[in-house]
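None of these values were measured; they are calculated from a predicted model.
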Amino acid sequence: MPPGTEHIAIELGAARERVEWLAVQNRKLEDDAREYQGAAERYFTITTNMHTSLVAWRMAALVGLAMAGLFGTLVFMLMSRPPA
C-alpha cells in the first residue's frame, strides 16, 4: 500500500462493514414485511369469511321473519273467520 493511503483503506473497510450491516437490516425488514403481509392476508380472509357468514345469517333471519309473518297472517285469517 502506498504511503499516506492508510486512511482510505480504513474508510473503505468501515464502508464495507456498513454495507454488510445495511444488507442484514434490509433482509430483516424484508422478512418482517413478508410476515406482516401474511398476517394482513389472514386477517382479510377471516374478516371476509365473517362478513359472508354474517350476511348469510342476516338473510336467513329475514327469510325466517318473513315466513313467520306469513304463517301468523294465515293463522290470524283462519282464526278470525266467522263460524259456519
Side-chain angles (χ1 to χ4, degrees):
M1 180 177 342
T5 58
E6 294 85 14
H7 68 283
I8 295 173
I10 292 170
E11 289 180 19
L12 184 59
R16 283 187 184 136
E17 288 177 13
R18 179 80 175 148
V19 167
E20 290 172 4
W21 183 83
L22 287 173
V24 168
Q25 297 305 313
N26 188 40
R27 280 193 294 277
K28 287 179 183 178
L29 288 173
E30 288 173 348
D31 292 344
D32 288 346
R34 277 192 291 276
E35 181 180 337
Y36 293 143
Q37 182 177 1
E41 289 171 357
R42 286 190 300 277
Y43 175 77
F44 178 76
T45 301
I46 290 169
T47 54
T48 302
N49 291 343
M50 283 174 41
H51 179 262
T52 303
S53 177
L54 288 173
V55 168
W57 277 106
R58 201 174 299 152
M59 292 295 290
L62 288 174
V63 168
L65 285 173
M67 290 175 64
L70 289 173
F71 181 74
T73 303
L74 177 66
V75 168
F76 177 77
M77 289 172 55
L78 290 174
M79 297 298 282
S80 63
R81 281 186 12 193

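Separation of atoms CG (D32) and CD (Q25) is listed at 10.0 Å; rounding is to 0.5 Å.
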What side-chain donor-acceptor pairs closer than 3.5 Å can you find for residues 8-19, not counting sequence neighbours?
none

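By the 4.5 Å side-chain criterion applied to Ile, Leu, Val, Met, Phe, Trp and Tyr, V63 is assigned to a cluster that also includes M67. Grouped with V55 in one hydrophobic cluster are M59, the linkage being side-chain heavy-atom contacts under 4.5 Å among Ile, Leu, Val, Met, Phe, Trp and Tyr residues. Under a 4.5 Å side-chain heavy-atom criterion applied to ILVMFWY residues, the cluster that includes I46 comprises M50 as well. With a 4.5 Å cut-off between side-chain heavy atoms of Ile, Leu, Val, Met, Phe, Trp and Tyr, the cluster of L74 takes in L78.
A donor-acceptor distance shorter than 3.5 angstrom exists from the side chain of T73 to the backbone of G69, with no hydrogens or angles considered.
Transitive grouping of hydrophobic side chains (ILVMFWY, heavy atoms separated by less than 4.5 Å) keeps L54 and L62 in distinct clusters.
With sequence neighbours left out, D31 forms a salt bridge (charged side-chain N to carboxylate O under 4.0 Å, His left out) with R34.
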